[in-house]
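Down below is the structure, laid out as structure tokens.
Quantities reported herein were computed from a predicted structural model and do not represent experimental measurements.
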Amino acid sequence: MLKRTAPDLGHPPELFADARIYTFCSARAAARLSIESPHHIALCPLSIAVYRIQADSQVIHLGYRHSATTSGGAEVDALLERIVQRTVDTLR
């Protein structure tokens, strides 16, 4: 999308050497968040970004958004951190 919209929006077309966003749903996490507040439905699905920046294309970055500032959100953040850490360990 960023490459395609670069001419119209005036940003560099090659910001990333590669980028993927993986989205998934944990039924347990979705239920816990929704029980805390039905408005937390907007926090699902969960997503993890895996990307390389064009300027430093040898480095692989992993990132995710923090969830709600509730106990359920803390569980979601811990889940995402475990997934990211296992991915890092696998890539080493």
>> Among residues at least two apart in sequence or on other chains, which ones pass side chain to side chain contact (heavy atoms under 4.5 Å, CB included) with His11?
In response: Leu2, Thr5, Ala6, Leu9, Leu15
> Quick one: side chain to side chain donor-acceptor pair (under 3.5 Å) pairs with a partner in residues 74-92, sequence neighbours left out?
Replying inline: Arg32-Glu75, Tyr64-Glu81, His66-Asp77, Gln85-Asp89
>> If hydrophobic clusters are built from ILVMFWY residues whose side chains come within less than 4.5 Å, do Leu62 and Leu79 share one?
In response: yes
Less than 3.5 Å apart, which donor and acceptor atoms pair up between the side chains of residues 37-47 and the rest of the protein, not counting sequence neighbours?
from	atom 1	to	atom 2	distance (Å)
Ser37	OG	His39	N	3.2
His40	ND1	Leu33	O	3.0

>> Test your reading of the model: is there a side-chain donor-acceptor pair from Glu14 to the backbone of Gln54, 3.5 Å cut-off?
In response: no
> Sequence neighbours excluded, which residues qualify as side chain to side chain contact (heavy atoms under 4.5 Å, CB included) partners of Ala55?
Replying inline: Ile53
> Can you list the residues that meet the side chain to side chain contact (heavy atoms under 4.5 Å, CB included) rule with Ala74, with sequence neighbours excluded?
Replying inline: none
> Does Arg52 have any side chain to side chain contact (heavy atoms under 4.5 Å, CB included) partners at least two apart in sequence or in another chain, and if so, which?
Replying inline: Ala17, Asp18, Ser57, Ile60
> In terms of hydrophobic clustering (I, L, V, M, F, W, Y; side-chain heavy atoms under 4.5 Å; direct or indirect links), are Tyr51 and Tyr22 co-clustered?
Replying inline: no
> Cluster question for you: counting only ILVMFWY and a side-chain heavy-atom cut-off of under 4.5 Å, with indirect links fine, are Ile21 and Met1 together?
Replying inline: no
